[in-house]
Amino acid sequence: MPSFDVVSKVDNHEVTNAIDQVTREINTRFDLKGTDTRLELLKNTITIIAPSDFQLKQVDEILRNKLAKRNVDIRSLDYKPAEVKLNEARQEVEVKQGLDSETAKKIVKSIKEASLKVQATIQGEQVRVTGKKRDDLQAAIAYLREAKLNLPLQFENFRD
């Protein structure tokens, strides 16, 4: 039976390259040079550290631009509330990888409600969609692309 997998992935190498570009820009921009502004990457969490909330927002804007230029979807970023202290502001940004169970359930439910001739099952951090005809699977892909989900979806392992 034909099938494909619905996943949500971000290329970690591109994220690392974007952070390197932001760091270079911070070191050369006149309004950020010499300040203790920096970015730290630990696994899938980017921490933005700046002397003030205003500079934190500037670095966040630079980060978004660099990620967009490197084809990393901004919807995969999950912003935590900024912590502003007297001499330091910091904000954690989580790069979401994979589908969490709630989103996967939402995808399966929406496919069933659309009454497409396909079956969707959750397999870990991905959703496997199977159907009898290739056209049904392509209709499911088109439907999911139009769905208003707040994270980027990729379609892998399309098999006939």
State, without any angle test, whether [X] and [Y] hold a side-chain donor-acceptor pair at a distance under 3.5 Å.
X: Asp100; Y: Thr103; answer: yes
X: Asn12; Y: Gln97; answer: yes
X: Asp31; Y: Gln58; answer: yes

*Which residues satisfy the side chain to side chain donor-acceptor pair (under 3.5 Å) test with Glu125, sequence neighbours excluded?*
none
_Please say yes or no: joined through hydrophobic side-chain contacts below 4.5 Å, possibly via intermediate residues, are Met1 and Ile111 part of one cluster?_
no
Salt bridge or not for [X] and [Y], using N-O below 4.0 Å?
X: Asp20; Y: Arg24; value: no
X: Asp135; Y: Lys133; value: no
X: Glu94; Y: Lys96; value: no
X: Lys80; Y: Glu92; value: no

*Under the salt bridge (charged side-chain N to carboxylate O under 4.0 Å, His left out) criterion, do Arg128 and Asp5 qualify, and how do the steps go?*
CA-CA 4 Å; Arg128 166 84 36 98; Asp5 297 331; 2.4 Å; yes
_Please determine whether salt bridge (charged side-chain N to carboxylate O under 4.0 Å, His left out) holds for the pair Asp36 and Arg38, giving the CA-CA distance in whole Å, both sets of side-chain angles, and the decisive distance to 0.1 Å._
CA-CA 6 Å; Asp36 192 27; Arg38 63 190 183 280; 3.1 Å; yes
*Given Val129, which of Ile141, Asp136, Val6 fulfils the side-chain contact (heavy atoms from CB on, under 4.5 Å) condition?*
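When side-chain contact (heavy atoms from CB on, under 4.5 Å) is applied between Val129 and each of Ile141, Asp136, Val6, only Val6 qualifies.
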*4.5 Å side-chain heavy-atom contact, Val10 and Asn44*: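 The answer is no, as the side chains (C-beta and beyond) never meet within the 4.5 Å cut-off.
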*Least distance between heavy atoms, Ala89 atom then Asp53 atom*: CB-N, 4.0 Å
